[in-house]
Amino acid sequence: MLIGVGVMAAVDEIVFHQLLRWHHFYDRSTPALGLVSDGLLHAAELVALVAGFFLLADLRRHGWLVPASAWAGLFLGLGGFQLFDGVVDHKVLRVHQIRYGVEIVPYDVAWIASGALLLVVGALLALRTRRPSDAR
C-alpha cells in the first residue's frame, strides 16, 4: 500500500505540479512557498517509495510475499492517496485546487472518481486473495 501512495504522489507531483503547472501542494500563499510545499511532498513520496520497497523486499526475503495481495495493496494505496487528496486537500482543507480559472467540477469529479475506482479495484483484488477458510 505504501508503494501505491508513493507512486500516486509522484504522479501528482510530476505531472500536475511540475509538467502542467496546474497547482502546487499549498497554493494559499506565495509561489515560493508553493514550491517549498511541492519539495516537501516530493520528499515524502520518496520516503514512502523507499520504505515500501524495503518492506516488500523483507516480505520476499522471508518467503511471506503474496503477489496478489501486493497488487491489491498497490491499488489501495493509489486510490487512497487520490481520494484523500481530492476530498481532504481539495475540498475540506482547500490547500489547492486541481486547476484555476476553469470550471472545476469536471476536474473534481474525474479526480475523485478515479481515486474511488482505484480503491474499488484494490478492494476487489484483496477479496480475491482471501482463502476459502477466511470467508466464514
Side-chain angles (χ1 to χ4, degrees):
M1 191 177 302
L2 200 52
I3 293 172
V5 170
V7 167
M8 189 54 79
V11 168
D12 183 25
E13 172 62 28
I14 293 167
V15 174
F16 297 100
H17 297 205
Q18 295 175 358
L19 295 175
L20 297 174
R21 292 186 239 167
W22 282 1
H23 63 260
H24 296 293
F25 182 73
Y26 187 73
D27 277 335
R28 299 184 77 178
S29 185
T30 64
L33 188 58
L35 284 175
V36 170
S37 70
D38 285 347
L40 293 172
L41 175 63
H42 204 51
E45 85 198 26
L46 288 175
V47 168
L49 286 171
V50 169
F53 279 111
F54 268 107
L55 292 172
L56 189 68
D58 193 47
L59 286 173
R60 186 166 188 237
R61 184 171 61 90
H62 286 98
W64 299 334
L65 179 64
V66 178
S69 293
W71 282 108
L74 176 71
F75 278 94
L76 289 170
L78 292 168
F81 177 88
Q82 186 79 1
L83 197 59
F84 182 87
D85 189 42
V87 173
V88 175
D89 292 339
H90 297 176
K91 297 297 151 204
V92 175
L93 299 176
R94 297 186 174 273
V95 294
H96 63 262
Q97 293 292 323
I98 299 170
R99 289 192 76 179
Y100 296 94
V102 296
E103 174 60 42
I104 195 68
V105 172
Y107 291 95
D108 283 337
V109 169
W111 199 272
I112 291 170
S114 65
L117 179 64
L118 289 166
L119 267 179
V120 168
V121 169
L124 290 174
L125 289 173
L127 287 174
R128 289 185 66 191
T129 62
R130 291 176 55 186
R131 293 173 292 183
S133 62
D134 293 342
R136 289 183 228 162

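Counting begins at 1 with the first residue of the sequence. On a predicted model such as this, the values are computed, not experimentally measured, just so you know.
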Side-chain heavy atoms nearer than 4.5 Å, only ILVMFWY residues, links allowed to pass through others: does that put Leu83 and Met1 together?
yes

Would you say Phe54 ends up clustered with Val7 if hydrophobic residues are merged whenever their side chains have heavy atoms under 4.5 Å apart, either directly or through other cluster members?
no

Any heavy-atom pair between the side chains of His23 and Val95 that's under 4.5 Å?
no

Can you tell me how far the CG atom of Leu124 sits from the OG1 atom of Thr129, to the nearest 0.5 Å?
11.0 Å

Over all atoms of both residues, closest heavy-atom pair of Leu65 and Ala70
CD1-CB, 4.1 Å

Is there a path from Val15 to Met8 through hydrophobic residues (I, L, V, M, F, W, Y) whose side chains come within less than 4.5 Å of each other?
yes

When you measure from the side chain of His42 to the backbone of Asp38, do you find a donor-acceptor pair of N or O atoms at a distance under 3.5 Å?
no

Count the heavy atoms of every other residue, nucleotide or ligand shown that sit under 6.0 Å from CH2 of Trp22, and state whether that count exceeds 12.
yes

For the student: nearest non-hydrogen atoms of Ala51 and Leu2, plus distance:
CB-CD2, 3.7 Å

Hydrophobic cluster membership, Val11 vs Leu20, 4.5 Å side-chain cutoff
yes

Does any part of the side chain of Trp111, heavy atoms only, come nearer than 4.5 Å to the side chain of Asp12, both counted from C-beta?
yes

Spatial distance of atom CG (Leu118) from atom CZ (Phe81) [nearest 0.5 Å]:
12.0 Å

Name the residue from Val105, Val109, Ile104 that meets the side chain to side chain contact (heavy atoms under 4.5 Å, CB included) definition with Tyr107.
Ile104

Side chain to side chain contact (heavy atoms under 4.5 Å, CB included) test vs Phe75 passes for just one of Val120, Leu117, Val121, Leu119, namely Val121

Which distance, rounded to the nearest 0.5 Å, do you find between the CD1 of Ile98 and the CD1 of Ile112?
7.0 Å

Nearest heavy-atom pair of Gly6 and Ala48: which atoms, and what distance?
CA-CB, 4.1 Å

Enter the distance from Trp71:CH2 to Arg128:CZ here, rounded to the nearest 0.5 Å.
13.5 Å

Are Leu40 and Leu35 co-members of a hydrophobic cluster defined by side-chain heavy atoms under 4.5 Å apart?
no

Taking side chain as C-beta onward, heavy atoms only, is Phe53 less than 4.5 Å from Leu49?
yes

To the nearest 0.5 angstrom, please state how far the CD1 atom of Ile3 sits from the CG atom of Leu55.
8.0 Å

Keeping Gln97 on the side-chain end and His90 on the backbone end, is there a donor-acceptor pair under 3.5 Å?
yes

Is His17 reaching over with its side chain to a backbone N or O of His24, donor-acceptor style, under 3.5 angstrom?
no

In terms of heavy-atom contacts, Gln82 and Ser114 come closest through NE2-OG, 3.3 Å

If you compare all heavy atoms of Ala9 against all heavy atoms of Leu41, which two are closest, and at what distance to 0.1 Å?
CB-CD1, 4.4 Å

Can you find a pair of side-chain heavy atoms, one from Asp27 and one from Tyr100, that are under 4.5 Å apart?
yes

So NZ of Lys91 and CG of Asp108: to nearest 0.5 Å the spacing works out to 3.5 Å

